[in-house]
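One structure below.
We name chains A, B, ... by the order of the sequence lines, and we start the count at 1 in each one.
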Amino acid sequence: MVRYNPNEIEPRWQSYWEANQTFATPDLSKAGDDVAKRYVLDMFPYPSGDGLHVGHPEGYTATDIVSRFARSRGECVLHPMGFDAFGLPAEEHAIRTGEHPRVQTQRNIDNFTRQLKMLGFSYDWNRVLATTDEGYFRWTQWIFLVLFDTWFDSEAQVGRPIAELPIPAEVQAQGERAIELYRDSRRLAYQDDALVNWCAKLGTVLANEEVVDGKSEVGGHPVKRIPLRQWMLRITDYSERLLDGLEELQWPAGIKKLQYDWIGRSSGAEVDFYLQPGVPSDAASSESDEGAARGPFVAWKRERAASGFPSEAGSDALRVYTTRPDTLFGATYMVVSPEHPLIDRLVTPDRKAEVDTYREQASFKSDRERTEGDLEKTGVFTGSHAINPADGRSIPVWVADYVLAGYGTGAIMAVPAHDARDFEFAVAFDLPVIPVVDPPNDHPQHDEILAGQACYVAEGIAIHSGDYDGQTTDEVKAKLTASLAEQGLACPAVNYKLRDWLFSRQRFWGEPFPILHELDADGNPTGIKRGVPEDQLPVTLPELEDFKPHGRPEPPLAKADDDWLIVELDGKRYRRETNTMPQWAGSCWYYLRYIDPHNTQSLIDPELEKTWMPVDLYVGGAEHAVLHLLYSRFWHKVLYDRGFVTCPEPFQRLVNQGMILGEVEFTGYVDSDKQPVSTQQVRRDAEGNRISKDGRQLETVRLAEEDVQKKGEGFVLKSDPSIKVDSRAFKMSKTRGNVVNPDGVVRDYGADSLRLYEMFMGPLEATKPWVMNGVGGVRGFLDRVWRLVVDEKSDELRLCDAVVDTDCDEEQLRVLHQTIRKVTEDTEAMSFNTAIAKMMEFSNHFTRCEQRPRHALETFLVLLNPYAPHLSEELWRLLGHDESIALQPWPQWDEAALVQSSIEIPVQVNGKVKAKINVSPDATQDQMIEAALASKSVAGSIGDKKVVKKIAVPGRMVNLVVK
RNA sequence: GCUGCUGUAGCUCAGGGGUAGAGCGCCUCCUUGGUAAGGAUGAGGUCAUGGGUUCAAAUCCCAUCAGCAGCUCCA
């Protein structure tokens, strides 16, 4: 009695593969020119203390199947794994326990490695890396120095060495220091005062996601937005390149769209509005003063006509960006962001207190809060007016937080008639609405729009727009912009939503910046900085007494001793940069390092880079759709511009695996008397609590599967079918207690079953709930495969008697070749669930056969191998082979074996199936119709009606139309 | 609010203008000396709803409904 026992088989084969280096990456230079390379990459995990969850092996199994399949087809495969090991949880653990993050991180990596090996993935473990390795982050720092040494030549759209940056004569004249500062202002890595979420109580800067309602998510302490000197990366320079590069990539359309939208290119115009000095707030709009305001405005216009549109607006004009310059005549007020630099000049003394209060309130809101949901519009009047360059009308300038400082010019012209936000604001503050675009006549709100009572954002015909009346939106856009540009009042402009990347963190557990700040004789920074010389990399983390925050918005590394902090170089004293890099840094380029992981001389050997890049297949979660994938592409393009890599895009094909949810849960509701309440009666109150329609407080109760039954669309209580209950699968989480642990699944079912189940659940990209019974199902399949080969009744391990050395009969041959074809095509298309279903059909068929030709079983095992590698190795060995099945060539199917000598096809009469007939698969249409008409039941269906049309589709069906 | 995806057996999902499919679950029968028992049968579907195109629609088109996911003051 020898049963299939994965717990014994699997570790044995894992040791075999390791001992024999079965999956070591082949040396491509020795492989010959006609051998294809395939770089198959998983998004590497953050090694959390919880270990793998069942979501990880989904993508990993998919890439493992692709890799094993490719090897079997003779390709050279690079399939590596590593760890994204810097990260907040380890640091927080360190703050709590005092244990160095390195210690916990290593423990977690060891655990992840054990789990990954337990699942039998064919990684080349010789290439494993962690972003926390000094030998790795040395090169992360090196790339940062490349960014620091690069400026973007926007003319040529290419990054170039800073030494090639042309220095303007007036800067040159000011000396070396001025030149250095000018260069600093153009580097891809630069420092700037960015607004950060500072929580004094927690003593730390928080990410936007960690701030809720202006308070810290942890502890609920107030968070204030303060400017802090931060490192930024000029990713916005690469906006156009990042957009262009997307086109050629084989990525899911949704991900591409997300990146397009995130970069958010728009085009329009920048327009200057003349700001009149010293106009009293209430008088400006009155008739008499309007005339008085005209004098300086006319002079300003004359000056502009002569000088042209300046690169900076200056203090006498307010510059706005608009995508709808055609609506300029409809601008009835202006809005500046609370952080706008001109604000102090705009605010009149009588308004100062009110504006200051408003700005203070705005400073507590994160960008996320300011841009989230349908918020009520707020704002205050500054007291100042500006003059509309199109018609010379004076309009008020407001400050409101719906205008963001970081986009466009931080100020807008408000056209309430044609912008939903402006309209909402105008309604709230009773500002005039002037329609200047006539919508199509059939627009349902046509009359309201023309009366200024509704907002219309689409295109139409210009009205109330002076000489432009009657022209289309596009015409007005072009002509008005051109006319204003000629007068020096506007210029065409392109804007991106993408912001520069805030690249520094006030954290301990990250890569130190390889940057030194020059100190003067008194130990104060001079403002001059330099990179750490390449031969002194890596800059390692200092040893610290403890990891606790110290209450000031300074990074923990500032607590380091002077022998780390202070550096002397070329006779000058420097202080090290004490910020660290964000977790994204290490993951931006790890795919390059796998190619040449042990190189101490350079990031990557150029020859190896050229042969292996780009990554052919990249698999990971969609949560990285924007950030990681955009950051990586950006770094890659910089490295490309500087000649360190040879392909413009790193990831040729991207596939997102879907999320795996917990098991489906049934939820019912009961009132205070424990009486069940149907879900139709359940509402949520303002706090999100469940209440009944008539206002009673309800309690949710978890129901067991056997307490409910299906009824119509949903589920109801078995005990009372009038009570509907909720059925839903939830995201796995510790708090919900529905996390499935791979260790347990492997213990109970085996790694091959886990792998196979994860692939059989549904399409790779789909979100799908875990069903533990389903694992038992695929385990049953593997048991049947075992019994196809092994005599389970015998006391020793031996082949079962049905395995014979004969040829397949016709049907077996057809099933075998259908299986080869389906598994080959589906594996190629990464449609793993359907490939598995076909293999199940194969095993069902051969289980029923009293004679199972050995050759057919062997071929089947080769097909099964990428999916269930341990079991297939074991049975392969049992069938008498000494070599690993992983080295077997992939089978080919024979078209001739696929066809049946006779097939059954349906005969329809007026589209309804009336009979089935047997014909040869290559029967002609006439032969098919003849056979159909010869059938008795067909003749009966036709009766005495007349056949008016005969349709025959060869190999498929016959349809007779009768009257 | 916008965008995208999905509605096929009790569950999880294939398929896709021409015979309604798989696995699990379920029913019945048979086998069994071993810890996940095995084997054989069978039941079960108005392919979300309503229109349209067609000889023929689950499939293509339009609308509606339901569910899920993502984005959201970007001027």
(message) Closest approach to the side chain of A/Ser266, judged atom by atom: which nucleotide of B/U3, B/A75, B/G39 is it?
(response) B/A75
(message) According to ring-ring contact (aromatic ring centres under 6.0 Å, His included), who are the partners of A/Phe846, at least two apart in sequence or on a separate chain?
(response) A/Phe842
(message) Test of understanding: with ring-ring contact (aromatic ring centres under 6.0 Å, His included), list the residues that count as partners of A/Phe425, not counting sequence neighbours.
(response)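 Only A/Tyr333, A/Trp398, A/Tyr402, A/Phe429 meet the ring-ring contact (aromatic ring centres under 6.0 Å, His included) criterion with A/Phe425.
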(request) Report the secondary structure of RNA chain B in dot-bracket form, marking unpaired bases with a dot and bases paired to a different strand with |, and treating Watson-Crick or G-U pairs with both distances under 3.5 Å as paired. (result) (((((((..((((....[..)))).(.((((.....)))).).....(((((..]....))))))))))))....
(request) Specify the residues of residues 774-781 of chain A, ordered by number, for which at least one heavy atom lies under 4.0 angstrom from an atom of RNA chain B. (result)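 Going residue by residue through residues 774-781 of chain A, the ones with a heavy atom under 4.0 Å of RNA chain B turn out to be A/Gly777, A/Arg779.
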(request) Check each residue of residues 756-763 of chain A for a non-hydrogen atom within less than 4.0 Å of any atom in RNA chain B, then write out the ones that pass by number, or none. (result)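 Output list: A/Phe760, A/Met761, A/Pro763.
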For [X], answer base if it contacts any base atom (sugar-phosphate contacts may also be present), sugar-phosphate if it contacts only those atoms, and nothing otherwise; contact means non-hydrogen atoms under 4.0 Å.
X	answer
A/Lys768	sugar-phosphate
A/Lys950	nothing
A/Asn844	sugar-phosphate

Please enumerate all protein N or O atoms sitting under 3.5 Å from an N or O of nucleotides 26-31 of chain B, with distances to 0.1 Å.
none

With sequence neighbours left out, write down each residue that passes side chain to side chain contact (heavy atoms under 4.5 Å, CB included) with [X], or none if nothing qualifies.
X	answer
A/Thr332	A/Pro416, A/Pro432, A/Ile434
A/Ser266	A/Tyr321, A/Thr323, A/Tyr407, A/Asn495
A/Thr481	A/Ala269, A/Pro325, A/Pro492
A/Val655	A/Leu617, A/Val619, A/Arg653, A/Leu764, A/Glu765, A/Met830

(message) On RNA chain B, compare the nucleotides closest to A/Tyr4 and A/Met413; which residue's is nearer the 5' end?
(response)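 The residue closer to the strand's 5' end, by nearest nucleotide, is A/Tyr4.
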Could you list the protein-to-nucleotides 53-55 of chain B atom pairs, N/O on both sides, closer than 3.5 Å?
unit_1: B/C55; atom_1: O2; unit_2: A/Asn959; atom_2: ND2; d: 2.3

(message) The criterion is side-chain hydrogen bond (donor to acceptor under 3.5 Å, both in side chains); which residues satisfy it with A/Arg359, sequence neighbours excluded?
(response) none
